[in-house]
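Everything quoted here is computed from the prediction, not taken from an experiment. Counting convention: from 1, in listed order, for ligands and their atoms alike. Numbers for residues simply follow the sequence, beginning at 1.
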Amino acid sequence: MIYPIVKYGNPVLEKAAETVTIFDDDLKALIDDMFESMYAAHGVGLAAPQIGIGRRIAVIDVTFKEDPNARLVLINPEIIHTEGKHTQSEGCLSIPDFRENVTRPNKVTVRAQDIRGKVFEKTGEELLARALLHETDHLKGKLYMSHLSTLKRDLMKRKIRKLMKAGEW
Ligand code: NI
């Protein structure tokens, strides 16, 4: 099932998501739906709040279907190590048609649970590091806007409010 993507302005995106404690078939089905919804929206990462579900689940595929082994499921993820710095243009499915340069660590390690609840660690660099950070932020109710200067963030919010008023958001 393809879920519509929740956009900026919906409070679910700015609330900390709840820890997952039950690893059952419903969770598996939800994760399948999250991958399907992410691909349908042409994204390389999706967090559950972005489909209106406030639970600490994210999916990532930085290869966008090219490498089936690149599919990553993160349940209750925590960033446990960061290294370096990297600035790159970043977007978010919940803030469509906007992109901004965001500086983030270049190498990160995340600790998370897999679909069966087993704890694992994964280290990623560059785009994968960025995706791990971006999606983990989502689960804390944090959007990439929060990494921008106040000036840039306010400008983005003003533009979005204009679109909302015009009924184009
Ligand atoms: Ni996002």
Asker: For residues 67-86, which residue pairs pass the side-chain hydrogen bond (donor to acceptor under 3.5 Å, both in side chains) check, not counting sequence neighbours?
Answerer: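 For residues 67-86, and leaving out neighbouring residues, the side-chain hydrogen bond (donor to acceptor under 3.5 Å, both in side chains) pairs sorted by first residue read Arg56-Glu78, Asn76-Gln113, His81-Glu83.
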Asker: Near the Ni ion (ligand 1), meaning under 2.8 Å, how many protein N/O/S atoms are there?
Answerer: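 With waters ignored, the protein N/O/S count below 2.8 Å is 3.
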Asker: Compare every heavy atom of Ile95 with every heavy atom of Tyr8, then report the nearest pair and how far apart it is.
Answerer: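 Heavy atoms only, the tightest pair is CB-CG1, 4.2 Å.
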Asker: What's the spacing between Leu163 CG and Phe98 CZ if we round to 0.5 Å?
Answerer: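 So the CG of Leu163 and the CZ of Phe98 are separated by 5.5 Å.
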Asker: Side-chain polar contacts of residues 147-155 - donor-acceptor pairs under 3.5 angstrom, sequence neighbours left out - could you list them?
Answerer:
residue	atom	partner	partner atom	Å
His147	NE2	Arg104	NH1	3.3
His147	NE2	Asp137	OD2	2.7
Ser149	OG	Lys152	N	3.2
Arg153	NH1	Met145	O	3.3
Arg153	NH1	Leu148	O	3.0

Asker: How would you list, by chain and number, every residue that makes a ring pair (Phe, Tyr, Trp, His ring centres under 6.0 Å) with Phe64, sequence neighbours excluded?
Answerer: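 Residues passing ring pair (Phe, Tyr, Trp, His ring centres under 6.0 Å) with Phe64: Tyr39.
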Asker: Side chains of Glu121 and Thr109: do they bring a donor and an acceptor to under 3.5 Å?
Answerer: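 No pair is found: no donor N or O on one side chain lies under 3.5 Å from an acceptor on the other.
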